[in-house]
Undergrad: 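Here it is, the structure, as structure tokens.
Keep in mind it's a predicted model, so treat the numbers as computed, not measured. Proteins come first, then strands; the chains are lettered A, B, ... in the order of their sequence lines, and each starts at number 1. When reading the values below, keep in mind they use all heavy atoms of this one structure, side chains included, and skip hydrogens, waters and symmetry mates.
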Amino acid sequence: MDEKLLKPYDPKTTENRIYKLWEESGFFNPDNLPDDRKETFTIMMPPPNATGTLHMGHALFLTIEDIMIRYKRMRGFKTLWLPGTDHAAIATQSKVEKEIYKKEGKSRYDLGREELLKRIDEFVEKNKNIMTSQMRVMGASCDWSREAFTLDEKRNLAVNTIFKKMYDDGLIYRGNRIVNWDPKGQTTISDDEIVYEERNAKLYTFKYSKDFPISISTSRPETKIGDVAVAIHPDDKRYEQFVGKEYDVIFCGVPLHIKIIADKEVDPEFGTGALGVTPAHSIIDWEMADRHSLPRPQVINEYAKMSIGGENLLGKKTTEAREIIVSWLRSENLLEKEEEVKQNISTAERTGGIIEPLPKLQWFIDVNKPIKERDNKTLKDLMREPFEKEKIKIIPDYFSKTYFHWVENLRDWCISRQIWYGHRVPVWYRSTTLTAGKEEIYVGMKTPGNDNWKQDEDTLDTWFSSSLWTFSTLGWPEKTKDLETFHPTDVLETGYEILFFWVARMVLMSQYALGEIPFRKVFLHGTVRDIKGRKMSKSLNNGIDPLDIADKFGADAGRMALVVGTAPGTDSKISEDKIRGYKNFANKIWNITRFISDNVDENDFESSIQNKLTKEFYEIAEEITADMENYRFHLASEKIYQYVWHRFADEIIEESKKIIKNGGKKAEERKIALALIWAECLKILHPFMPFVTEEIWSMLPLKEKSLLMVEKWPS
RNA sequence: GCGCGGUUAGCUCAGUUGGUAGAGCGUGUCUUUGACGUAGACAAGGUCAUAGGUUCGAACCCUAUACCGCGCACCA
């Protein structure tokens with residue numbers, strides 16, 4: 001017997017050593033796996049943001065994905081789990097900017113583009129190293145030789161290649177359109193990066209001037225100096241007579257020319273049933289301006305300050321301007337009603353800034369344009385189809401409905417960002433005397449030359465590069481062997497909160513660029529919450545660090561605590577008590593081994609197959625295998641736990657003590673059965689608790705054995 | 001407003017196609033048995049949110065209601 005077994009199991013002295021053993025074996029890399037493996041199983045790791053260290057959410061996805069990979073590896077698949085990190089453009093830049101401002105009092109403009117990028121690179125490099133070592137601590141059996149970063153050279157080539165292709169196909173266009181502007185982060189953001197916060201607001205009802213015939217309601221009076229029309233519903237009898245008429249008014253010192261229009265977007269039930277149209281500062285109004293050929297004066301600038309008006313307004317913050325206008329309305333006796341309403345305010349997910357809709361010249365992806373190369377389907381079609389035809393299945397499947405709903409409501413995707421960190425828009429401009437004042441545009445992989453060409457200042461939405469992840473990681477646009485072998489990937493395992501951000505866009509890009517789906521299954525996990533059900537966050541200081549858990553209880557215990565009883569798509573609560581329970585389980589496994597570890601000849605295992613206990617075990621093993629195949633890891637883990645502790649240890653071993661004590665043939669038979677079942681249990685336990693099982697495996701007195709991680713799954 | 005989840009033991013949650021309700025933690029009593037006290041044995045504890053329906057049979061299927069959570073839209 002190994003002397004280590006005489007003491008309680010100590011994950012601290014074991015886990016690091018075991019991980020090194022695995023890494024040195026080379027088996028993380030599918031090219032090095034034993035036997036001739038044909039069927040592949042591939043997972044692209046959702047790259048964690050390079051903004052910090054890993055938290056329990058990361059620990060959860062690492063655990064689930066590692067379970068899938070280890071299981072398939074033991075089933076003889078050529079398994080690839082490709083790790084990486086995400087440059088997370090806005091999140092990373094704003095974090096570094098904050099740090100620099102705090103320490104040195106300098107803004108990004110003080111530092112300049114080059115210096116800021118240098119600082120961010122250093123920050124990211126540091127975090128990447130921390131994060132990859134954390135992944136190792138969790139036992140992640142991913143292929144480090146293929147590690148990728150969303151902003152490295154290869155991924156940049158993929159980004160530029162697809163940008164050019166989409167531009168040439170007319171799917172990427174530059175347009176002056178209303179966008180979500182974040183005055184705090186000084187950048188645009190996409191619709192999906194908005195979070196709504198409910199707040200109390202006031203709804204004001206008033207007339208522009210005394211002789212104006214219609215009253216309107218708004219919660220943002222300051223935008224009204226940008227009004228060009230009043231819209232009513234076409235069927236609204238109350239205002240019918242005014243449609244088509246035009247009025248000139250002086251509104252708080254600003255001359256306005258107001259046309260009365262009829263538009264079906266207007267809700268006759270809301271407020272007065274008449275809506276002041278402000279094309280430059282409201283998405284709906286912008287679209288109305290399209291339909292009715294209205295001008296679009298901008299009255300608010302990028303700093304959320306008034307850009308028009310007299311001395312009283314010019315340069316004032318929107319909130320100040322609001323009060324000024326309201327008091328003007330009061331003094332002019334134009335204000336008719338003031339009521340408290342609940343309102344959803346759009347804020348930027350990353351910076352918390354209040355979104356100001358503004359017209360800006362930006363790059364967009366057209367989701368409604370027919371693509372010749374793809375049978376005239378639109379990008380929207382390409383996103384929807386694989387789910388409709390069930391080429392891609394979502395687990396749990398009820399998320400499909402949410403997905404369809406989202407695709408239906410999808411608008412063109414604004415992909416340019418006014419920040420410096422990220423893939424720079426691969427477009428160059430120049431205007432020379434030759435071009436007669438008109439700007440010349442070049443879209444390509446690199447600058448067309450030094451003569452007056454200037455690259456677009458903007459960078460791309462971080463999700464643009466992440467959306468290529470399943471194939472950019474495999475070397476696309478080059479036709480690599482990896483791409484041929486491993487794409488489409490098998491499972492995308494991620495959190496439900498990025499179903500749209502990421503999952504949908506990967507489908508879009510893969511369908512468009514390769515004409516094939518990026519993955520066959522989408523496995524969605526929930527959010528890991530604290531014991532009170534709150535999200536873990538820095539401000540609440542209720543986070544649990546996976547490294548602390550690994551240190552205190554062992555990574556195996558942490559993994560089990562995360563996976564047992566956590567059904568796909570549902571949130572879970574984690575507590576130290578739960579984790580402690582699985583630390584005890586690891587010790588249990590250890591002690592069982594101490595009892596079993598008599599020398600047994602594995603050639604006798606064959607004789608034990610018909611044994612009642614062995615048969616019972618294989619029935620349970622079969623159930624567990626079915627759970628594994630159907631992504632019910634929360635059940636599989638619980639079943640093996642139940643069996644090992646409460647059936648095998650509590651009952652079978654107890655009963656075996658007497659039998660073995662009595663000696664004879666029965667004792668020998670029992671010993672063989674126990675050894676066989678135990679070896680098989682370790683295999684089933686391995687994907688869940690890889691460290692302790694591998695350690696025990698190395699001590700088992702079996703003659704023909706490799707690492708447990710490449711042993712054959714019992715079936 | 002539209003949609004999606006949830007409501008099961010004191011707490012946290014499982015329950016795969018409808019067939020006598022499960023686990024962990026906690027609680028109580030007992031056991032220094034030779035794998036393990038990080039343990040073992042035994043036990044208490046549930047009209048499965050409510051009301052109807054389908055069925056021989058419902059935690060599970062259908063309808064409605066209530067409450068909790070979430071997504072989308074509106075947000076003039």
Undergrad: Expressed in angstrom and rounded to an integer, what is the separation of A:Ile194 atom CD1 from B:G71 atom C1'?
TA: 15 Å

Undergrad: Looking at every heavy atom in both A:His281 and A:Pro357, which two are closest together, and how far apart are they?
TA: ND1-O, 3.2 Å

Undergrad: Quick one: stems involving RNA chain B, counted as three or more successive Watson-Crick or G-U pairs, both distances short of 3.5 Å.
TA: B:1-7 with B:66-72, B:10-13 with B:22-25, B:27-31 with B:39-43, B:49-53 with B:61-65

Undergrad: How far does the C1' atom of B:U55 sit from the matching atom of B:C36, given to the nearest Å?
TA: 50 Å

Undergrad: Starting at atom CZ of A:Phe500, determine the distance to atom P of B:C4, rounded to an integer number of angstrom.
TA: 13 Å

Undergrad: Between A:Glu654 and A:Lys657, is there a side-chain N and carboxylate O pair less than 4.0 Å apart?
TA: yes

Undergrad: Please measure how far the P atom in B:U32 lies from the corresponding atom in B:G37, and state the result in whole Å.
TA: 15 Å

Undergrad: Respond yes when some side-chain nitrogen or oxygen of A:Lys401 is under 4.0 Å from OP1 or OP2 of B:C4, and no when none is.
TA: yes

Undergrad: Taking any heavy-atom pair under 4.0 Å as a contact, classify A:Asp627: base, sugar-phosphate, or nothing.
TA: base

Undergrad: Let's see if you can work this out: which of B:G24, B:U12, B:G15 has an atom nearest to the side-chain heavy atoms of A:His634?
TA: B:G15

Undergrad: Between A:Lys666 and A:Glu669, does any NZ, NE, NH1 or NH2 come within less than 4.0 Å of an OD or OE carboxylate oxygen?
TA: no

Undergrad: If you define the side chain from C-beta out and look only at heavy atoms, does anything of A:Val326 sit under 4.5 Å from A:Phe206?
TA: no

Undergrad: Looking at A:Trp286, is A:Arg177 sitting on its ring face, NZ or CZ under 6.0 Å from the six-membered ring centre and within 45 degrees of the normal?
TA: no

Undergrad: So what does A:Lys639 touch, heavy atoms closer than 4.0 Å: a base, only the sugar-phosphate, or nothing?
TA: base

Undergrad: Taking the C1' atom of each, how far is B:G26 from B:A35, in whole Å?
TA: 27 Å

Undergrad: Closer to the 5' end of RNA chain B via nearest nucleotide, is it A:Lys578 or A:Ile216?
TA: A:Lys578

Undergrad: Tell me: CD of A:Glu623 to P of B:G15, nearest whole Å?
TA: 14 Å

Undergrad: Scan A:Val266 against the nucleic acid and name what it touches under 4.0 Å (heavy atoms): base, sugar-phosphate only, or nothing.
TA: base

Undergrad: With rounding to whole Å, what would you report as the distance between B:U8 and B:U47 at their C1' atoms?
TA: 12 Å

Undergrad: Describe, in one word, how the ring planes of A:Tyr641 and A:His646 are oriented to each other, choosing from parallel (under 30°), tilted (30 to 60°) and perpendicular (over 60°).
TA: perpendicular

Undergrad: Would you call A:Lys72 and A:Glu629 a salt bridge, taking side-chain N to carboxylate O under 4.0 Å as the test?
TA: yes

Undergrad: So A:Thr566, base contact, sugar-phosphate only, or nothing? Heavy-atom distance under 4.0 Å.
TA: nothing

Undergrad: Any luck finding a side-chain donor-acceptor pair between A:Thr593 and A:Trp678 under 3.5 Å?
TA: yes

Undergrad: Touch check for A:Gly565, heavy atoms < 4.0 angstrom, all strands: base, sugar-phosphate only, or nothing?
TA: sugar-phosphate

Undergrad: Please state the P separation for the pair B:A9 and B:U50 - nearest whole angstrom.
TA: 11 Å

Undergrad: Given atom CD of A:Glu408 and atom C1' of B:C2, what is their separation to the nearest angstrom?
TA: 14 Å

Undergrad: Using ring centroids (six-membered ring only for Trp), state whether A:Phe212 and A:Tyr247 fall under 6.0 Å.
TA: yes

Undergrad: I want to check something: taking the side chain as every heavy atom from C-beta on, are A:Tyr204 and A:Ser219 in contact at a cut-off of under 4.5 Å?
TA: no

Undergrad: Take atom P in B:U17 and the same atom in B:G5, then report the distance between them in whole Å.
TA: 15 Å

Undergrad: Report, as a single string ordered 5' to 3', how protein heavy atoms within less than 4.0 Å touch nucleotides 32-44 of chain B: B base, S sugar-phosphate only, - not at all.
TA: --BBB-BSSS---

Undergrad: For A:Ile624 and B:A14, give me the distance from atom CD1 to atom P, rounded to whole Å.
TA: 19 Å

Undergrad: Please determine, for the side chain of A:Ala567, which listed nucleotide (B:C4, B:G15, B:U12) has the closest atom?
TA: B:G15

Undergrad: Taking atom P in both B:C4 and B:A64, compute the distance separating them and give it to the nearest angstrom.
TA: 12 Å

Undergrad: State, with a plain yes or no, whether a side-chain heavy atom of A:Asp461 is found less than 4.5 Å away from one of A:Glu193.
TA: yes

Undergrad: When rounded to the nearest 0.5 angstrom, what distance separates OH in A:Tyr71 from CE in A:Met68?
TA: 12.0 Å

Undergrad: Which part of the nucleic acid does A:Leu203 contact within heavy-atom distance under 4.0 Å: base, sugar-phosphate only, or nothing?
TA: sugar-phosphate

Undergrad: Give me the distance, rounded to whole Å, that separates B:A49 from B:A58 when you measure between the P atoms they each carry.
TA: 15 Å

Undergrad: Let's see if you can work this out: which of B:A23, B:G71, B:C75 has an atom nearest to the side-chain heavy atoms of A:Gln642?
TA: B:A23

Undergrad: Over how many whole Å does the gap from A:Asn180 atom CG to B:C75 atom C1' extend?
TA: 14 Å

Undergrad: Over all strands shown, is A:Thr570 touching base, sugar-phosphate only, or nothing at heavy-atom distances under 4.0 angstrom?
TA: sugar-phosphate

Undergrad: From the list B:U12, B:G15, B:G71, which nucleotide is the closest neighbour of the side chain of A:Leu635?
TA: B:G15

Undergrad: Can you check the A:Asp267 CG to B:A73 P distance for me, whole Å?
TA: 17 Å

Undergrad: If I take atom OH in residue A:Tyr398 and atom P in nucleotide B:C4, what distance separates them, rounded to the nearest angstrom?
TA: 12 Å

